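What follows is a short report on a single structure.
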There are 2 protein chains.
Amino acid sequence: MDRFLSSSVNRIDAKGRVSVPAHFRSVVQKRGYTELYALRCLDQPAMDVGGLDLLDRYEQRIAQEDPFLQTADDMSFFCHGDGAFLKLDQDGRITMTDFIREHTGIGQEVAFVGRGQFFQIWEPGRLAEHGAKVRERLLKLMQAASGGPAQ
Amino acid sequence: MDRFLSSSVNRIDAKGRVSVPAHFRSVVQKRGYTELYALRCLDQPAMDVGGLDLLDRYEQRIAQEDPFLQTADDMSFFCHGDGAFLKLDQDGRITMTDFIREHTGIGQEVAFVGRGQFFQIWEPGRLAEHGAKVRERLLKLMQAASGGPAQ
DNA sequence: CCCGTTCCCGTTGACGCCCATAAACCCCCA
DNA sequence: TGGGGGTTTATGGGCGTCAACGGGAACGGG
């Protein structure tokens, strides 16, 4: 399996470290990532984490823009400047910096959420909240499409 | 890694010196920059810092303009005259001159922001302000493109 | 001679490396 | 099917290294 799947919550220790779930670590290794890059999500209090290929998609998009327009500058600012490297230590842990805590609201615990090609980092409470909203939206979509709740 | 990525804030000492983040220094070395060149951003209270190839980007921009128009002359004045060399001392520090402080509003602390091919220098407060605006603009862009937030 | 700059050294705190422990998990076997 | 026992994982902590930082001293130009 080479995709990031499932989710789990781990505790942060006194030094600010937290273990990346073993399953995610094996995916990281299988994909040959030598370092992890974390990006602040635009519309969620979460970080997107993956290899540097996370940037490829954005950089291709930026290349399509006129490099001297504001949009291109904004995009570059977002994907190059609003990110951080996450170094895995020898025990497979990463440290939660203020940069991450500020955006996510993470305090003592971290929720890791698989997203296929990458994974996310959340404050567990906010993740639950977000999950409820997502389910609600999907439910409404289904009801609108079929004229009633599926069963 | 040969791109300027991520961001961090460092303090300025009593002599006006500030450490360039170690990661940025290694990129500078890897790219073979013998000296750093800093330009005043046109539309932001920030400095663009990089090798002399930073000028290529602006000269390319100037080439797009009609050389008989004032715009081209203005741009040339800006990129050839409104810049400064930044000397790295033996400990990897640069000096914050009044030239930089004037344009950026930098006081006691400096935020270094990776931008891929170059990096920027900001006053931390203004950076946060700018970042918020950028995220807002990009969000609107996303919503306009897809009719709703992604995912 | 003064002032600003550069070099060099010491301090401090953050981070990476290592080891220890405890809990969870898996597999084999009775 | 219900244990053992070994293995892996999560987590805590000691310790060394290095980056960031502060300050003294040497250097050089005006």
Side-chain angles (χ1 to χ4, degrees), chain A residues 1 4-30 33-38 47 49 83-102 106-114 119 121-124 127, chain B residues 1 4-30 33-38 49 84-102 106-114 119 121-124 127:
Chain A
M1 178 53 55
F4 296 102
L5 294 175
S6 85
S7 71
S8 65
V9 175
N10 285 342
R11 204 164 310 127
I12 299 178
D13 69 16
K15 292 183 180 179
R17 299 173 300 184
V18 61
S19 293
V20 175
H23 172 250
F24 285 9
R25 296 204 304 261
S26 77
V27 175
V28 165
Q29 192 181 8
K30 198 161 291 180
Y33 295 155
T34 54
E35 44 200 351
L36 291 175
Y37 192 67
M47 308 290 295
V49 185
F85 286 106
L86 298 183
K87 272 162 283 187
L88 277 168
D89 71 13
Q90 282 195 320
D91 295 334
R93 289 184 277 197
I94 55 179
T95 61
M96 289 293 117
T97 62
D98 287 344
F99 180 79
I100 296 177
R101 292 178 191 266
E102 249 175 53
I106 286 173
Q108 327 295 330
E109 289 188 326
V110 181
F112 292 84
V113 183
F119 65 90
I121 285 176
W122 286 78
E123 192 283 318
L127 174 61
Chain B
M1 177 49 47
F4 295 102
L5 291 176
S6 85
S7 69
S8 64
V9 175
N10 285 342
R11 227 181 324 276
I12 299 178
D13 69 16
K15 294 182 182 178
R17 298 172 302 183
V18 63
S19 294
V20 175
H23 173 250
F24 284 9
R25 297 204 303 263
S26 77
V27 175
V28 165
Q29 193 182 6
K30 198 161 289 180
Y33 294 156
T34 54
E35 45 198 352
L36 290 174
Y37 194 65
V49 184
F85 288 103
L86 298 182
K87 273 164 288 184
L88 278 167
D89 72 12
Q90 282 194 322
D91 294 338
R93 290 185 274 198
I94 55 179
T95 306
M96 288 294 115
T97 62
D98 287 343
F99 179 78
I100 296 176
R101 291 178 192 267
E102 236 176 65
I106 285 173
Q108 326 295 329
E109 290 188 325
V110 180
F112 292 84
V113 182
F119 65 91
I121 285 176
W122 286 78
E123 191 283 318
L127 172 63

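Convention: sequence-line order gives letters A, B, ...; per-chain numbering from 1. Values reported hereafter were calculated over all heavy atoms of this structure, with side chains retained and with hydrogens, waters and symmetry mates removed. All of these numbers come straight from a predicted model, not from anything done at the bench.
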With a sphere of 6.0 Å drawn around CD of A:E109, does it hold more than 12 non-hydrogen atoms of other residues, nucleotides or ligands?
yes
Would you tell me if any nitrogen or oxygen in the side chain of A:K87 comes within less than 4.0 Å of OP1 or OP2 on C:dG16?
yes
Ignoring backbone atoms, test whether B:Q90 places a side-chain nitrogen or oxygen under 4.0 Å from the OP1 or OP2 oxygen of C:dT6.
no
Can you measure A:D89 atom CG to C:dC19 atom P for me and round it to whole angstrom units?
14 Å
Test item: B:V18 and B:F112 side chains (from C-beta on) under 4.5 Å apart, heavy atoms
yes
Report the distance from atom CD of A:E109 to atom C1' of D:dA10, rounded to the nearest whole Å.
13 Å
Could you give the CD-to-P distance, from B:Q29 to D:dA19, as a whole number of Å?
12 Å
Atom pair distance, as rounded to whole Å: CE in A:M96 and C1' in C:dC15:
14 Å
Between protein and nucleotides 21-30 of chain D, map the contacts as a letter string: B base, S sugar-phosphate only, - none, heavy atoms under 4.0 Å, written 5' to 3'.
BBBBB-----
Whole angstrom value for the distance that separates P of C:dC7 from CD1 of B:I94:
15 Å
Take A:M47 and A:I106 through the side-chain contact (heavy atoms from CB on, under 4.5 Å) test and state the conclusion after the steps.
CA-CA 11 Å; A:M47 308 290 295; A:I106 286 173; over 6 Å; no
Nearest-angstrom distance from the residue atom NE2 of B:H23 to C1' of C:dC15:
16 Å
Tell me: CD of A:E35 to C1' of C:dG16, nearest whole Å?
15 Å
Non-hydrogen side-chain atoms of A:F4 and A:V28 separated by less than 4.5 Å
yes
Where is the tightest heavy-atom contact between A:D91 and A:R25, given as atom of each residue plus distance?
O-NH1, 3.9 Å
Test side-chain contact (heavy atoms from CB on, under 4.5 Å) on A:I100 and A:V110 and set out the steps.
CA-CA 11 Å; A:I100 296 177; A:V110 181; over 6 Å; no
I need the CG-C1' distance between B:L88 and D:dA20, as an integer number of Å.
14 Å
